[in-house]
Amino acid sequence: MNVFGIPILTFVTFFPVAGMLVVLALPTSSARAIKLAANIFTGLEFAVTLLILTRFDAGSGEMQLVERLPWIKSIGAQYLLGIDGISLLLVLLTSLLTFVATLSSWGAVTGRLKEYYAFMLLLETGMVGVFLALDLLLFYVFWEVVLVPMYFLIGIWGGERRLYAAIKFFLYTLFGSVAMLVGILVLRAGHHSFDWMAMVAAGSVIPAALQGWIFLAFFLGFAIKVPMVPFHTWLPDAHVEAPTAGSVILAGILLKMGSYGFLRFSLPLLPDAARRYAPAVAVLALVAIIYGALVSLMQKDMKKLIAYSSVSHMGFVMLGLAALTPMAAKGAVLQMINHGLSTGALFLVVGVLYERRHTRLISEFGGLSSRMPVFAAVFLIMTMSSIGLPGLNGFIGEFMILMGTFPVSWLWTAIAATGIVLGAGYMLWLYQRVMFGTIVHPANESLKDLTLREFATFMPLLVLVFWIGIFPKPFLDVIDKPVEKIIRIVNPAHFEAPR
Amino acid sequence: MFVLIPLFPLLGAAVNGLIGIRGFSRRAVGATAVGAAGMSFAAAVAAFVGLLRSAEPAIVKTLFTWLPPSLVRTASGSLASLRVDLSFHYDSLAAVMTLVVTGVGLLIHIYSLGYMAHDKSYARYFSYLNLFTFAMLILVLGANLGVMFIGWEGVGLCSYLLIGFWFRKDSASNAGKKAFITNRVGDFGFLLGTGLLVYALGTIDIAGIAAAVEGGALAKGTATAAALLLFLGATGKSAQIPLYTWLPDAMEGPTPVSALIHAATMVTAGVYMVARLHVLFSFSGTALTVVALTGAITAVYAATMAFVQTDIKRVLAYSTISQIGFMFIGLGVGAYAAGIFHLMTHAFFKSLLFLAAGSVIHALSGEQDMRRMGGLRARIPRTYRVFLIGALAISGFPGLSGFFSKDEILASAFASGQYLVWALGLAGAAMTAFYMFRLIFMTFFGEERFTEKAGEPVHESPPVMLVPLQVLAVLAVIGGYIGLPRLLGGRAWFTRFLERTTGAHEAGLAPGTEALLMAASVAAALGAIYAAYVIYVKKRGEPARRFAERCRALYQTVLRKYYVDEFYGKVFVGGVFAAGRIADWIDRRVIDGLVDGTAGVARRVSRLAILFDERAVDGAVNGVGKAHLAASSVLRRLQTGHIYNYALAVMLGVALVITIAVAVF
Amino acid sequence: MIPIEAVIVLGLLLFAIGFVGVVVRKNLVVMLMSLELLLNGANVILVGLGRRLDSPRGTIFAMFVIIMAVSEAAVGFALVLAYFRQKKSYDVDALDDLKG
Amino acid sequence: MITLAVFTFFAVLAVAGAVLVIVQKNVMHSVLYLAFTVLATAGVFFTLQAEYLGAIQILVYGGGIVVLYIFVIIIVNLKEVVPERRSLLPKLVLVAVPVAVGAEVAYLLLARGFPVAEAGGEGMGFETMAETLFGSYLFPFELASVLLLAVLVGAIIIARRKLIHDPD
């Protein structure tokens, strides 16, 4: 399981920490050196995650490159890492977005550079850890590790009400993760170990009633992270106040931890409860889609609007997962990646504008298309990807989710489809108010177009948006087997021959 | 080979879009764009000739797997493996469509060279135009609903960009947004229809669907539901009731755009889709009648609005809606070939009319209101002549293309026994003739109502605009002869060619009745023209003004497009915004209220805790502290400071230890 | 052979006398001297036991005690001189600054 | 038998000297009695076949410390006699306690007998002595030399007259 003699998964997880140490070691005076080091490390991290591809066998649905070390023997916790198609895509997304985010904060962040990049690298380790950990306790640890740097990123480098937002974000997620911890412990009592693979192999050892409670505990933790509607109010505040790079990662990856956790832990480990509560989750998801879209119509701040659009898009992902059909689930996983790309890019877009005008109010802009044509083109492509224009990545995910959900219930699909129409509504209205029309504010007259560096940060996202849109086969093949394996556990009826 | 057809416009769009904007001169941009359109037309003709010669009716070419197979549980309970390939097919229907799209597209590209000559973002316009042609060709050539949907929304995107091309004008970007969202509502139906087909048949490949429907794998009810949902998509795209409101506003875009998108190609996408899925539609009878009725009602309804419009382009817009209504009548009564035939002829004369109107506007340097035109016959004779030919063609003047295609639709409608549809069709034909000639007389006849500004004399359009007009005029005339009905000695070659794909449909009309019908429609058209002549030329529009005063209410309602726009605005758009406001309020007050509420409660509880803390706990703690102090002061005196006391204490300790040791061991 | 009990009793006696000297006498110098006595007592016991256990450790330990005693006496006297120079008196009772 | 006699002779001398040291009013007399006790102890060491230690005792203790005491008393010319103003009762108590402890230990020894087995043998020769001293105890030996050096320096600093610039 190791490449050139190094346990590749551990290396990938803790390489950013090494980076962090190097950054901390650098003298605070040389800003350039710190920035350079941070970028190099995140870049290398992305290269290393690509390296995993060479060792990864797309055909098998099983966990690969598993690394197992005894950790806390007394309670049976192990240091257990493993990767399958789903984790692979999410890890790649994480390393790519972090690299892009670090690159984008080159000009944006000026104060206390060392701590900023140190937190950024620590955050990356936490996130990669979440997606690779197969031991529930280790998963929980990484889940918490992610919270701290994000809290500081928002708390220190954020906007005006950053403290309120940071604390709200922290308490909200912590509250959720505490519930999740209870779930993990009860699960451990049932399975006598934290080992995910053993639990899946053992099948549903836990009685259905108990499964129900664990599912609710897990669901609370994941729902807050996704976020599902009643628990989502931390997201807009966190996004508005977070620095650009923080928002890119917050929206790009942190939200996926919730849905990933739901797919990885709630479905396969608690199949009976999952089947029982799936409709409830689906309804919540539908509410999220419509509610998120409606509220984002009314927003005056660009970042808040995109934040609410994330609520709506993640509602789609959860609907895909709750439909418990292979096609919808595959669509949901792909939609996680797509949402990461398009929303990450949209936040970069807002970041570009914020860097120039230091405001995010839509009313402050207007008629930029004439001054910044390249920016207008990039913004248009990302808007189209976000509302799911066929030929771009968003459509593939949404199409598969809708086609997968239709057999389960045509009503759900109809309601979800209205989400697409509303989506087109608020996004195009945003695009029009910002880009079209005449230039009203004199400050907008002198706006420069994208610099080469800024365009470089968009380049990987643009390439992926078109690639997944036109030729999604490699991505779908990678996640085909693992998703089918999970759905076979949670919804075997789907695969049986017709009665 | 036919896959090359969409490739050229894509290359043209890419070249212009990426490099053209910065590097190219105007001539270079124009050359690439027109070159791409021309090459694409050549490829279309080549493919068409290839199809004529080859035996089998259709060629299918698959590029690669777009969505890999995944298991889907179908209605019948069986497990189907849904796989969507990026595959294209080319048959007679596709041939006609590609020829129309690329042919008319080429002429419009050439026309645009002149029309957009002094526009600032020249390259951006042409790259969008090429991109649009590409998307339309993908739609037409797509072999499954997925690929067709790429083209479907791609065309929607391009129309959004082109309508909102002069984005500085808010009305233009609003119109673009309105077009896109209305199309999106249609796509909502299209997607659900596809979903139903996936659920029912487990495949979205058009040939596959046709085979499954013929194989009886589809219940009639589901078929009707799927067909109607798809038809909802078609109404969105082809601007039929209820999703037509975006087309009149779409006139904000440059005129060649209106010609290409809103006359020749995009609006016909819905008609093409219904024709392409004719097996599904004809299988569910009810769906067909709905199509026919919608078409008929839209035809008449739109025509009434065209009566009162004063903007030259809006009149043509409503006439487009009405003419597409005719096409849907053709499809609705099962005469798919007739519908497509009218589509082709309509493409010719409607784009001719739009471009001619463009030439008029160009001549009057931007003036679009007919009330400030008149008497242009002398000023721009060539434009007038082509405009007249277009008007005659659309009114169904015998001998021109409009007559043949419209007549065939009406004949099939009558033959299929849907007399209401036929009657509405006939009325529509007459009204078309009336408003077209109203337009002709108001713009070209009577006294000159426009004020000629000094710097901008009324001038004839440059040849680069006039030549395409003349070519289109020729097409508008001879376009009908390839479909000459048997009655008039023709071999109805066009219908036979198309029926290779859309299945045979015999009109089943005795020659006598067919002749009678033809005579009726000609009479209606001529009568309408004469009426328009009397009102607008003889009495110089007096009766029209009297009519407007006398029944003001009726006039206003029709003028205001039956307040449909306002109704949509209030109900749908307003409703969504209201819901948005409520949701936002809930979000801020209720949920955040709840969260901040709990935070507030938490704050109050913590204040209580602090009080308790200070009083009770601290009290206790300090108490302990004080007691401790008192006790220690007693002990303090023990430390005398003299060494011997300490030594003594040590010795006492030793003594104690020893006594214990002795006692224990 | 000398009975070990005798040696220990002797050592104890010397130790007790030294201790009494330290505790009773107020004169600093005498205290120091009785301290030396006390240490001698300890040495005697050490040697006795060393002899009894037939290992040289006892005597070596005693040697180190002597070394320590020497250094202690030297420092002690240095302190006494310094103290005497300041307070002009040897009275131990005056030395109670570290009172509680 | 002779060694026992010699031992008891020296023992009695030592104890007597000790008592006299603490009883004397005049400090000089106490110093002399101290010297006397030290030599008696050395004799005891000789009887216990710890000749080496005995020699050191005489040299170091006798020569070194006693001479030191004499010097100090001469330098300080301790004339006045510190009045023993303590009342009798505390003195009695102070004497009673150590004696009681000593008695108790003695009783413990005599009654119970010393748990360690009699190990007879020719006693510790110089060779074994040297070996252990410079073998396993080399480090403490070196440490002791360092200690002495430190004490040397320390004592000088403390006892020296104040520096000129540091007014007393």
Side-chain angles (χ1 to χ4, degrees), chain A residues 168 172 230 232-234 236 291 294-299 308 325-327 330 367 369-370 373 377 380 384 387 389-391 395-396 399-400 402-407 410 413-414 417-418 420-422 424-425 428-429 432 435-438 470-473 476-477 480 484 494-495 497-499, chain B residues 17 21 64-68 70-79 82 86 121 124 146 149-154 156-157 160-161 164 167-170 172-174 176-177 180-181 184-185 187-188 191-192 194-196 198-199 576-577 579-584 586-587 591-592 594-595 599:
Chain A
K168 190 172 185 179
Y172 237 111
H232 67 293
T233 46
W234 61 273
Y291 183 85
L294 285 178
V295 174
S296 46
L297 260 174
M298 305 309 297
Q299 293 313 322
Y308 277 109
T325 61
M327 184 149 186
K330 272 201 298 187
S369 190
S370 51
L380 179 69
M384 287 304 151
I387 58 178
L389 181 86
F395 171 72
I396 310 286
F399 183 74
M400 288 180 78
L402 291 179
M403 293 309 131
T405 323
F406 200 96
W410 67 273
T413 323
T418 52
I420 296 181
V421 175
L422 290 173
L428 288 181
W429 195 33
Q432 180 191 340
M435 301 313 283
F436 290 155
T438 53
I470 295 163
F471 187 60
K473 188 168 184 314
L476 288 169
D477 286 348
D480 181 37
E484 199 174 314
H494 185 276
F495 294 92
R499 275 169 295 289
Chain B
I21 288 185
F64 49 79
T65 339
W66 189 29
L67 297 183
S70 43
L71 297 174
V72 172
R73 180 163 286 285
T74 58
S76 59
S78 67
L79 260 179
L82 175 71
L86 202 70
S121 32
R124 189 161 65 89
F149 197 61
I150 293 184
W152 196 268
E153 289 244 349
L157 168 70
Y160 167 73
L161 293 172
F167 52 78
R168 279 183 194 67
K169 273 198 314 187
D170 277 348
S173 40
N174 276 335
K177 184 184 63 185
F180 192 87
I181 292 174
R184 231 7 176 16
V185 173
D187 300 345
F188 161 77
L191 263 178
L192 286 186
T194 328
L196 190 54
V198 163
Y199 177 53
V576 164
F577 271 92
R581 263 187 294 281
I582 298 163
D584 188 47
I586 292 173
D587 199 63
I591 296 186
D592 255 0
L594 216 63
V595 168

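Just so it is clear: chains get the letters A, B, ... in the order the sequence lines come, proteins before strands, and each one is counted from 1.
- Of the atoms belonging to B:Phe577, heavy atoms from both backbone and side chain fall under 4.5 Å from chain A.
- With a threshold of 4.5 angstrom between heavy atoms, B:Leu196 approaches chain A through its backbone and through its side chain.
- Heavy-atom pairs under 4.5 Å with chain B peak, among A:Pro230, A:Pro236, A:Ala377, A:Ser369, at A:Ser369.
- Looking at B:Ser121, there are no atoms closer than 4.5 Å to chain A (heavy atoms on both sides), in backbone or side chain.
- Contacts of B:Phe180 with chain A are made by side-chain atoms alone, with heavy-atom separations under 4.5 Å and no backbone atom involved.
- Partners of B:Phe188 according to the ring pair (Phe, Tyr, Trp, His ring centres under 6.0 Å) rule, which considers only residues two or more places apart in sequence or in another chain, do not exist here.
- If you measure heavy-atom distances from B:Val198 to chain A, the contacts under 4.5 Å come from the side chain alone.
- Residues passing the salt bridge (charged side-chain N to carboxylate O under 4.0 Å, His left out) test with B:Asp170, sequence neighbours excluded: none.
- Using a 4.5 Å heavy-atom cutoff, the side chains of B:Asp584 and A:Gln299 are in contact.
- Interface residue A:Leu389: backbone and side-chain heavy atoms are both found under 4.5 Å from chain B.
- For B:Ile582, no part lies under 4.5 angstrom from a heavy atom of chain A.
- When A:Pro472, A:Gly367, A:Ala417, A:Gly437 are compared by the number of non-hydrogen pairs under 4.5 Å with chain B, A:Gly437 comes out ahead.
- No part of A:Thr405 comes within reach of chain B, as not one of its non-hydrogen atoms sits under 4.5 angstrom from that chain.
- Residues A:Thr325 and B:Arg73 have side chains not in contact (no heavy-atom distance under 4.5 Å, counting atoms from C-beta outward).
- When heavy atoms are compared at a cutoff of 4.5 Å, B:Asn174 approaches chain A by way of both its backbone and its side chain.
- Neither the backbone nor the side chain of A:Ser296 comes within contact range of chain B, judged by heavy atoms closer than 4.5 Å.
- Aromatic pair A:Phe436/A:Trp429: centroids not less than 6.0 angstrom apart.
- The closest side-chain heavy-atom distance from A:Phe399 to B:Leu191 is below 4.5 Å.
- Note on A:Leu380, A:Thr413, A:Ile470: by heavy-atom pairs under 4.5 Å with chain B, the leading option is A:Ile470.
- The closest side-chain heavy-atom distance from B:Leu67 to A:Lys473 is not below 4.5 Å.
- When each of A:Asp480, A:Leu422, A:Thr418, A:Asp477 is checked for heavy-atom pairs under 4.5 Å with chain B, A:Thr418 comes out on top.
- Salt bridge status for B:Glu153 with B:Arg184: present, with a side-chain N to carboxylate O gap under 4.0 Å.
- Taking the ring centroids of A:Phe395 and B:Phe149, they lie under the 6.0 Å cut-off.
- With rounding to the nearest 0.5 Å, the separation of CE in A:Met384 from OH in B:Tyr160 is 5.5 Å.
- Each of A:Phe406, A:Tyr308, A:Tyr172 has some count of heavy-atom pairs under 4.5 Å with chain B, and the biggest count is that of A:Phe406.
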